Amino acid sequence: IIDVASLSDELALGRQETTPVTALAFSPNGQLLACGTARGTVEVFLAVDGFRPFGVCRGGLDGAVTHMDWSADSTLLQTNSDAFELAFWDAR
């Protein structure tokens with residue numbers, strides 16, 4: 001995560017995956033950041049706590065994550081893949 005003001009200062013590092021990020025989505029409450037990967041996993045970070053890792057969603061998609069949507073209450077995450085798959089994740 002890079003600081004917008006300087007475009008150079010790193011605010012956080014800590015991804016568990018080494019595959020490319022293919023989709024990003026902040027939760028509506030602004031507390032979580034979901035990072036979808038080319039491997040079909042989703043890493044979730046606590047945006048309000050220095051982007052500390054919160055959890056990893058695995059096993060629901062065979063293709064790369066192409067799109068993500070949060071529920072209005074920021075508890076569920078819907079993901080789509082390039083293999084035309086749809087998966088739902090509980091982020092609580």
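Keep in mind it's a predicted model, so treat the numbers as computed, not measured.
Contact record, Gly30 with Val48: O-CG1, 4.0 Å, taken as the closest heavy-atom pair. The two residues Ser71 and Pro28 have their closest heavy-atom pair at O-CG, 3.3 Å. The heavy-atom pair separating Ala91 from Ser74 by the smallest distance is CB-O, 4.5 Å.
Partners of Thr66 according to the side-chain hydrogen bond (donor to acceptor under 3.5 Å, both in side chains) rule, which considers only residues two or more places apart in sequence or in another chain, do not exist here. Listed by chain and number, the residues in a salt bridge (charged side-chain N to carboxylate O under 4.0 Å, His left out) with Asp90 are Arg92 (sequence neighbours excluded). Evaluation of the side-chain contact (heavy atoms from CB on, under 4.5 Å) rule for Asp62 yields Glu85 as partners, not counting sequence neighbours. Applying the side-chain hydrogen bond (donor to acceptor under 3.5 Å, both in side chains) rule to Asp69 yields the partners His67; only residues at least two apart in sequence or on another chain are considered.
Here Leu86 sits in one hydrophobic cluster together with Phe88; the rule is ILVMFWY side chains under 4.5 Å apart, joined directly or through other members. Under the 4.5 angstrom side-chain criterion for Ile, Leu, Val, Met, Phe, Trp and Tyr, the cluster partners of Leu46 are Leu32, Val42, Val44, Phe54, Leu61, Val65, Met68, Trp70, Leu77, Trp89.
Rounding to the nearest 0.5 angstrom, the gap separating the CG atom in Asp73 from the OG atom in Ser27 is 10.0 Å.
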